[in-house]
Engineer: 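I'd like to ask you about the structure that follows.
Proteins get letters first, then strands, A, B, ... in listed order; numbering begins at 1 in each.
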Amino acid sequence: MIKLNNIHKYYQTGEQSIHVLKGIDLHIKEGELVSIMGSSGSGKSTLLNILGVLDSHDAGHYHLAGQEIKHLKERHAAHLRNALIGFVFQSFNLLPFKNALENVALPLYYQKMGRKERNRRAAQYLEMVGLSDRAGHMPNQLSGGQKQRVAIARALVTQPKVILADEPTGALDSQTTAEVMEVLKHFHGLGNTIVIVTHEQDIANQTQRQIHLRDGLIDTADAAMTPEVVV
Amino acid sequence: MTLIDTEKWREILTTLGQHKLRTSLTAFGVFWGIFMLSVLLGAAKGLENGVMDGFPKVPNGVWVWSGSETQIPYKGMAIGRRVTLRPEDVNDIANNVDSVGFVQGLNSVGIWNGSPPYTVHEDKNGTFFVQGSHEGMALMHSLEVTSGRYLNLIDMDERRKVAVIGSRVKEQLFTDDDQVIGADITINGISFQVIGTFRSLSQGNSTQEEEKIFIPNATLRYAFNQVGWLGSFMLIPKEGVDAAVVEREVKEFLYEKNKIHPDDVGVLGSFNLQQEFDKINGLFLGITFFSWLVAIGTIMAGAIGVGNIMLIVVKERTREIGLRKALGATPASIVIMIVQEAVLITAVAGYLGLVAGVMILELVSAAVEASGGNDMFQRPGVDFSTAVVAVVVLVVSGVLAALLPATKAAKVNPIVALQDE
Ligand SMILES: Nc1ncnc2c1ncn2[C@@H]1O[C@H](COP(=O)(O)OP(=O)(O)OP(=O)(O)O)[C@@H](O)[C@H]1O
Ligand SMILES: [Mg+2]
């Protein structure tokens, strides 16, 4: 599903250039539940942004769902994101003036799907995250955990190839973290490919594979030592 | 993602509704611009109508008449000579002065000298000015036939004793039951048949004009002892020729013909209104231009206000825009979203401004009408093409104003926008 070969990424800040990713080789198969760990500033978010076609790599090859991702026009990148990728963010990023159902339906709007069909699908995914009764609620009427479940429904509603979650539980307490992880694992169980960036070993332990980033490289020795926890 | 995507409009309305105060403040700027434009243009139109109504309906007419005695000897002619206008001059002018499109000689009784003749119908009578005229000259006299007809060619050729009488003449000589058209009236003992009545189109002195009786000029000359001479010429320039040119050339021709020294001013008097008319016309062109300038400036200011607000909106909504892009919104769809929002504000506000402006003008117009009319202010209003131009200017400026913020929005980097602070 995801194939990275020798991916490099530089950031230009004024005079100097920072080498953030220094040759990432990674292969994530369809249906895998993977976590990316690493200290702050190790390049986890950068990697995830490249995977999500939000950012471009400077060297190397990236294949997503069989097609090589490079030199994309913005419009094309937008279409790819819409069709292939579902994002879950640490801070939920729900639109405050839309209710839960409308938030879930938003990606379908950019597929030019009719409103009826959109709402029907959105309602279906809200039900899958257990929030059917909150469809008409505005985001400020939802708890953190509920917001994140709405965001997960939104990420999944287009039936993307990959779900990318950047610290999805970073803003949640342990109780709601467990809820959200349950939902993610549930969708993994339905065959979805999911990549989670996290700081918490607890979370990482619930994934099939842990990838450790250190100084812009995948820490292979470390990865080898990580026990594989099959869920 | 077309313009008639109701989904999109619903969304825009929602966001606008979210920021009611900001939206209405923005809209007010545009509203005021269009309101000012319609009121300004409408008022200018009213003033123009008022002033233009005071002009003869044929504003480029030229009059030439016999003036003072000669004062400079010329080609063997002594001074102290009074030059009269001759009936044969009419053809001479028509044949020799190229710039002239129309020329006729006019005589009158009681207007320039003497007293107005005594006119009788049955047991009623009065004294009225009598003016000679020709077929087709009704508009040149700024009059409109209200019943019957005006003088025609046969009246001229046969020197018929027919009369077109003013409405006040009719009031004084006839009772309401009388048949006016076809009736006989007697002017200084000579019998005339009434063939028409008229009202005056001129502003200000219409009462005096309507106390006139128009008869064929040749009839007048023979009936009132003016056979050998003409009182004045009425001339109209050819298409595209200035009245001043005709005035000068005709006078040069007559000076030469009558052996008057070119410097001997005043031997023939003359007059034309075109210069005045052009001046006033130019003035109103200037006023209209100025009104547009002010109004377009105001609209621009309003549009720039819209653009400014949209910039703030884009800034405030960076996170939302970033999210939309992450979810698959293309740059084009973001641009359209912002532009449509701005266009909606400008179009709705502008339309309301137009409606309010037209309503004010209607009220003023009705008030002027109710107070019996005003010589300087008549029928204010905005014509349709002006309104269309205003709306086009408005929408275009709305689009232009939104373009910068919209491109800014399209360039939002979702990574940066969605970063957690
Ligand atoms: N837009 C940018 N411009 C310059 N440098 C950047 C930019 N984005 C990230 N970096 C740098 O790249 C490095 C990796 O950043 P990244 O956000 O990927 O780290 P991270 O592993 O996600 O850290 P955290 O766990 O704190 O989220 C950091 O040193 C950061 O300063
Ligand atoms: Mg990060």
Engineer: Under a 4.5 Å heavy-atom cut-off, does chain A meet the side chain of B:Arg324, its backbone, both or neither?
Structural biologist: both
Engineer: Verify the neighbour count for atom NZ of A:Lys22: are there more than 12 heavy atoms of other residues, nucleotides or ligands below 6.0 Å?
Structural biologist: yes
Engineer: So does B:Phe289 have more than 12 non-hydrogen atoms from other groups sitting under 6.0 Å from CZ?
Structural biologist: no
Engineer: Just wondering, more than 12 heavy atoms not from A:Asp215 lying within 6.0 Å of its CG?
Structural biologist: no
Engineer: What residues of residues 37-63 of chain A make heavy-atom contacts with chain B at a cutoff under 4.5 angstrom?
Structural biologist: A:Asn49, A:Leu54, A:Asp55
Engineer: What's the spacing between B:Asn413 CG and A:Glu74 CD if we round to 0.5 Å?
Structural biologist: 8.5 Å
Engineer: Could you tell me whether A:Gln141 atom CD has more than 12 heavy atoms of other residues or ligands within 6.0 Å of it?
Structural biologist: yes
Engineer: Can you tell me which of B:Ala326, B:Pro414, B:Gly322 forms the most heavy-atom pairs within a distance under 4.5 Å of chain A?
Structural biologist: B:Ala326
Engineer: If you look at every heavy atom in B:Ala329 and A:Ala78, which pair is closest and at what distance?
Structural biologist: O-CB, 3.6 Å
Engineer: Counting neighbours of CE on A:Met1 that are heavy atoms of other residues, nucleotides or ligands and sit closer than 6.0 Å, is the number greater than 12?
Structural biologist: yes
Engineer: To the nearest 0.5 Å, tell me how far B:Thr330 OG1 sits from A:His76 NE2.
Structural biologist: 13.0 Å
Engineer: At under 4.5 Å between heavy atoms, what parts of residues 80-101 of chain A are in contact with chain B? List them by residue number.
Structural biologist: A:Arg81, A:Asn82, A:Phe87, A:Phe89, A:Gln90, A:Ser91, A:Asn93, A:Leu95, A:Phe97, A:Lys98
Engineer: Side chain, backbone, both or neither: which part of B:Ala332 has a non-hydrogen atom closer than 4.5 Å to chain A?
Structural biologist: neither
Engineer: At a heavy-atom separation under 4.5 Å, does B:Leu323 approach chain A through its side chain, its backbone, both, or neither?
Structural biologist: side chain
Engineer: Which of the residues A:Glu102, A:Arg154, A:His79, A:Arg75 is involved in the greatest number of heavy-atom pairs with chain B at under 4.5 angstrom?
Structural biologist: A:Arg154
